[in-house]
A.B. asks: 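Shown below is the structure under consideration.
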Amino acid sequence: MKLNQLVSGLDIIEVKGDMEREISGVQIDSRQVDKNYLFVAVRGTAADGHNYIGKAIEKGASAVLCEEIPADADESVTYVKVANTEQTTGSVATAFYGNPTSKLKLVGVTGTNGKTTIATVLYEMFRRMGHKAGLLSTVANYIDGEMIPTEHTTPDPITLNALLAKMVEAGCEYAFMEVSSHSIVQNRIGGLNFAGGLFTNITRDHLDYHKTFDNYIKAKKLFFDNLPATAFAITNADDKNGMVMVQNTKAQVKTYSVQSPADFKAKIIECHFEGMYLEINGREVGVQFIGKFNVSNLLAVYGAAVMLGKDPHEVLVALSAMHPVNGRFEALRSPSGYTAIVDYAHTPDALENVLNAIHGVLEGKGEVITVCGAGGNRDKGKRPLMAREAVKQSDRVIITSDNPRFEEPQDIINDMLAGLTEEDMKKVIAIVDRRQAIKTACMMAKPGDVILIAGKGHEDYQDVKGVKHHFDDKEEVRACF
């Protein structure tokens, strides 16, 4: 594509060089640049792309999109100056990859908890219904049935558009995507055309990045503010910020609820560790998911499928065949009669939801042993809150390591323990080694008890001092069995 076509939609401040150049690729990472690429110099949170312009040119970049043209500008390179490269990367990437979201229906899911479950179940449901579909999620990206590993919940705009273009090429009609608050603020989804947006809930998370809860809410709301009038916006009426999210959207608003009147409504008829019987919009259905929070997730899935034109009865039939997502409330039965549940819960609210779901099934007929930790180099304020939540709803609690990253595991554990009273401490032990913590919980458990192993879910590694060591909670539990 010619450079002038690629940047035609931008507010250009200054140009230095030939705009008729043929561009063979677009990149924001100088290490990934190749011959005749356009390098976009973005001022990121960790590094400033302007410091890597020279490196990009060495690698073969023939054009640079920047906020500042270097004083020692290379005569053989074209420089295009704009006010904000972060805001323009999305539209450049969209243009280069032929605007893929105009050729398929893209649905975005945002909120603190439930994004992965909703996006994945939608992807699996639409494939079950005979459609080719794509998935962009925390666990993995899929182009129809082909898995592509993932690094972030929402990739950068170039990676994102490249993946979406491959989906179009593979004949996908739909794509379902988790939309993180970081990606909204950093314009990673700029230039994408959404057919619909879903809001799950909002509780404390990522305050290490957003600084205040209010900023975090505004980040999520911005996604709905930017939806077009042709899209739908489905929001959780049970969340106190549910209606705040959609108050300024141009999209068609629909609600879902398990507590009050809504467009998509459900109630639990029966609940077991194998699944639930639900009533959704007046029709009964058996599902293989557990817990009130999953009823909300399934309602969001149901609502999105109906808004995408699917028959409600066909949607319920497909829902009844769906399985829980890897590492999301996965129940493993031990030969000696207790149950272990592996879940990704890594916020106070997610921990509360999972423990509520366990108590909803147990009905006081067994004890709950919770194994949990907190991630290093992330929001420290949630650590004592998580410990308190675990103690409040468990008979025994083992505080342990999660992904310590570059912090000392014992320091993270101490931050968690700081939230507990002397009385709380009577049912708490701290074991730094996660493997030993899981073993100890399994040794404590009696027939009929439930062990919750929270925090890592689908992850098969522990991140210690920048190195990912193989570690899988489910493997550890099965070894104990």
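Computed from heavy atoms alone, side chains included, the values below leave out hydrogens, waters and symmetry copies.
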A.B. asks: Is there any salt bridge (charged side-chain N to carboxylate O under 4.0 Å, His left out) pair reaching into residues 428-441, and which pairs are they, with sequence neighbours excluded?
C.D. replies: R434-D473, R435-E476
A.B. asks: Tell me, please, which residues at least two apart from E124 pass side chain to side chain contact (heavy atoms under 4.5 Å, CB included).
C.D. replies: T120, M322
A.B. asks: Indicate the ring-plane relationship of F264 and Y302, choosing parallel, tilted or perpendicular according to the 30° and 60° boundaries.
C.D. replies: perpendicular
A.B. asks: Quick check on K474: does its NZ atom have over 12 non-hydrogen neighbours (other residues, nucleotides or ligands) under 6.0 Å away?
C.D. replies: yes
A.B. asks: For residues S401 and I413, report the shortest heavy-atom separation together with the two atoms involved.
C.D. replies: N-CD1, 4.4 Å
A.B. asks: What I want to find out is whether D156 reaches R188 closely enough, with some N-O distance under 4.0 Å, to be called a salt bridge.
C.D. replies: no
A.B. asks: Could you walk me through whether N403 and Y461 satisfy the side-chain contact (heavy atoms from CB on, under 4.5 Å) test, starting with their C-alpha distance in whole Å, then the side-chain angles of each, then the deciding distance to 0.1 Å, before giving a yes or no?
C.D. replies: CA-CA 8 Å; N403 287 319; Y461 62 84; 4.1 Å; yes
A.B. asks: Between R31 and D29 (salt bridge meaning N to carboxylate O under 4.0 Å), is one present in this structure?
C.D. replies: yes
A.B. asks: I want to know whether Y37 and F96 have ring centres closer than 6.0 Å.
C.D. replies: no
A.B. asks: Answer with yes or no whether the side chains of T370 and R396 bring together a donor and an acceptor at under 3.5 Å.
C.D. replies: no
A.B. asks: Show me the pairs that pass ring-ring contact (aromatic ring centres under 6.0 Å, His included) and involve residues 115-135, at least two apart or across chains.
C.D. replies: Y123-Y142, F126-H131, F126-Y174, F126-F176, H131-Y174
A.B. asks: Which residues pass the side chain to side chain contact (heavy atoms under 4.5 Å, CB included) test with K132, sequence neighbours left out?
C.D. replies: D144, C172
A.B. asks: Compare every heavy atom of S394 with every heavy atom of K427, then report the nearest pair and how far apart it is.
C.D. replies: NZ-O, 2.8 Å
A.B. asks: Which residues satisfy the ring-ring contact (aromatic ring centres under 6.0 Å, His included) test with F194, sequence neighbours excluded?
C.D. replies: F223
A.B. asks: Charged N to carboxylate O under 4.0 angstrom, D449 versus K446?
C.D. replies: yes
A.B. asks: Restricting to side chain to side chain contact (heavy atoms under 4.5 Å, CB included), what partner residues turn up for A374, sequence neighbours left out?
C.D. replies: R383, I412, M416
A.B. asks: Counting only heavy atoms not in K105, do more than 12 sit closer than 6.0 Å to its NZ atom?
C.D. replies: no
A.B. asks: Does this structure show an ion pair linking K103 with E173, if we count only N-O contacts that are shorter than 4.0 Å?
C.D. replies: no
